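Predicted model, so just to flag it, every value in this text is computed and none were measured. When a residue number appears, it is its place in the shown sequence, counting from 1. Heavy-atom basis, side chains included; hydrogens, waters and symmetry copies ignored.
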Amino acid sequence: MAYSTEKLKEKAVLVGVIYSNKEDVKAQLKELERLAETAGLDVLGSTYQLIREVNPATLIGEGKVDEVLELVKSTDANLVIFDAELSGSQTKNLSEVLGVKVIDRITLILDIFAGRAISNEGKLQVELAQLKYNLPRLASIKGTSGRFGSGGVGMRGPGETKLELDKRIAQENIYKLEKEIAKIKQNRDVQKKNRRNNGVFKVAIVGYTNAGKSTLLNLISKAGIYADDKLFATLDTTSRNVFLEYGKQIVLTDTVGFISKLPHNLVDAFASTLEEAQDANLILHVIDYSNVDKQKQIEVVEQVLKDNNITSPIIKVYNKCDLVEGRAFNDGIYISAKKNIGINELKQRIMEFMG
């Protein structure tokens with residue numbers, strides 16, 4: 001089963017990692033803090049380091065490790081979260097020096113995914129992503145030393161190390177999960193084919209997490225799905241039939257939000273979301289216009305679409321326009337899904353693409 005630590009109220013300090021002065025470390029730490037809060041953690045402090053040369057043992061330098069240790073002691077934190085991917089040995093070394101649990105950004109996101117997945121496919125995808133991420137790190141997980149079969153009559157010889165056994169079990173579970181997900185994908189492909197044969201116009205909503213995708217789907221389709229001002233408030237793909245003017249009908253699909261620094265193997269784990277975008281006749285790229293980092297978020301989404309060869313026509317939808325004065329872009333539609341502003345114009349633009 002996919003596992004989550006969401007119920008544990010832990011106290012965390014954050015460690016930002018940048019490799020260039022051009023990176024906005026404050027924005028990155030702010031997003032990491034929101035992720036931590038989404039996971040139910042109390043954030044008590046943060047620090048960061050500009051890395052010129054990576055320390056293979058701890059990623060950050062010895063002086064910064066000492067600084068983090070002082071921060072842990074002064075705040076009485078019991079968790080340290082790095083805004084970067086840590087190897088298994090780095091996680092283990094840092095945990096031993098700091099005396100508390102250490103996780104990285106990806107582990108935190110996976111934990112949020114585990115707590116938010118509702119559908120069977122979503123849960124399977126989360127479990128698969130967790131297994132794939134943890135497999136190369138098993139050697140550094142406590143309790144993997146020692147051997148089975150090293151004592152007793154008929155049990156002599158090298159036997160199988162617990163690490164080898166754990167790896168084999170993990171690999172078998174990955175294979176089983178991939179087969180189960182493949183079956184679900186097959187069924188979904190049949191449903192898509194039926195929709196194609198019915199000539200239904202498909203519209204997919206994509207965007208950075210917390211841009212307002214679910215709120216927009218609720219407004220247009222009266223879907224009533226959960227939407228909140230949180231990162232990854234919803235995880236599972238949701239599709240609804242929507243009737244527009246002049247008897248025109250579309251299937252509108254909300255997808256999981258994208259986020260920066262997400263490795264491809266985690267993106268791959270949510271292939272169903274990307275498949276919906278690949279299969280769409282039209283894509284609504286919802287952008288949080290009130291976010292100061294909107295340009296970077298736009299680039300993250302566009303890169304994910306490009307990496308997955310998604311070439312459907314795109315309408316940029318600048319959401320939360322009621323929170324900001326002025327219009328910085330002229331290549332899309334300005335709306336407020338929360339206040340029902342600009343929705344009729346958006347519907348008209350969708351119908352133009354339908355012909």
Query raised in the report: With clusters built from Ile, Leu, Val, Met, Phe, Trp and Tyr whose side-chain heavy atoms come within less than 4.5 Å, directly or transitively, what are the remaining members of the cluster of Tyr175, listed by chain and number?
Result: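 Noted: Tyr175 shares its cluster with no other residue.
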Is a donor from one side chain sitting under 3.5 angstrom from an acceptor on the other, for [X] and [Y]?
X      : Y      : result
Glu31  : Tyr208 : yes
Gln303 : Asp307 : yes
Asp322 : Tyr334 : no

Query - Residues forming a salt bridge (charged side-chain N to carboxylate O under 4.0 Å, His left out) with Lys296, sequence neighbours excluded - result: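 Partners of Lys296 by the salt bridge (charged side-chain N to carboxylate O under 4.0 Å, His left out) criterion come out as none, since no residue qualifies.
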Query - Partners meeting salt bridge (charged side-chain N to carboxylate O under 4.0 Å, His left out) with Asp42 (sequence neighbours left out) - result: Lys9
Is the closest basic N to carboxylate O distance between [X] and [Y] below 4.0 Å?
X      : Y      : result
Arg168 : Glu172 : yes
Asp83  : Arg105 : yes
Lys347 : Glu352 : no

Requested in this report: Determine which pairs satisfy salt bridge (charged side-chain N to carboxylate O under 4.0 Å, His left out) with at least one residue from residues 58-68, sequence neighbours left out, and list them in order.
Outcome: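 Every salt bridge (charged side-chain N to carboxylate O under 4.0 Å, His left out) pair that includes a residue of residues 58-68, provided the two are not neighbours, is Lys64-Glu67.
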Report task. Only pairs at least two apart or in different chains count here, so list each salt bridge (charged side-chain N to carboxylate O under 4.0 Å, His left out) that has a residue in residues 241-250. Result ->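 Applying salt bridge (charged side-chain N to carboxylate O under 4.0 Å, His left out) to every pair that reaches into residues 241-250, excluding sequence neighbours, yields nothing.
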Which pair of non-hydrogen atoms, one from [X] and one from [Y], has the smallest distance, and what is that distance?
X      : Y      : value
Leu346 : Val317 : CD1-CG2, 3.9 Å
Ala39  : Ile112 : CB-CG1, 3.9 Å
Leu135 : Ala170 : CD1-CB, 3.7 Å
Ser239 : Thr253 : OG-OG1, 2.7 Å
Val17  : Gln28  : O-OE1, 4.0 Å
Asn210 : Asp288 : O-OD2, 4.1 Å

Query raised in the report: Step by step, would you call Glu178 with Lys132 a salt bridge (charged side-chain N to carboxylate O under 4.0 Å, His left out)?
Result: CA-CA 11 Å; Glu178 286 177 335; Lys132 283 186 173 181; 3.2 Å; yes
Query raised in the report: Any side-chain heavy atom of Val43 sitting closer than 4.5 Å to one from Val13?
Result: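 No. Closest side-chain heavy atoms not under 4.5 Å.
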Query raised in the report: Is there side-chain contact between Leu323 and Tyr289, with at least one heavy-atom pair below 4.5 Å?
Result: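 Side chain of Leu323 against side chain of Tyr289, heavy atoms only: no contact under 4.5 Å found.
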Query - Derivation and outcome, salt bridge (charged side-chain N to carboxylate O under 4.0 Å, His left out), residues Asp76 and Lys11 - result: CA-CA 8 Å; Asp76 197 30; Lys11 298 175 289 183; 3.3 Å; yes
Query - salt bridge (charged side-chain N to carboxylate O under 4.0 Å, His left out) evaluation trace for Glu121 with Lys185 - result: CA-CA 9 Å; Glu121 182 182 12; Lys185 180 182 179 299; over 6 Å; no
Report task. Kindly determine whether Asp104 and Thr107 satisfy side-chain hydrogen bond (donor to acceptor under 3.5 Å, both in side chains), including the steps that lead there. Result -> CA-CA 5 Å; Asp104 60 15; Thr107 303; 2.8 Å; yes
Query raised in the report: Hey, what's the ring geometry for Phe329 with Tyr318, parallel, tilted or perpendicular (30° and 60° as the breaks)?
Result: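 The arrangement is parallel - the two ring planes meet at less than 30°.
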Requested in this report: For Val65, check side-chain contact (heavy atoms from CB on, under 4.5 Å) against everything at least two apart and list the hits.
Outcome: Thr58, Ile60, Leu94, Val97, Leu98
Query - Approximate separation, where rounding is to 0.5 Å, of Ile315 CD1 and Arg349 CZ - result: 6.0 Å
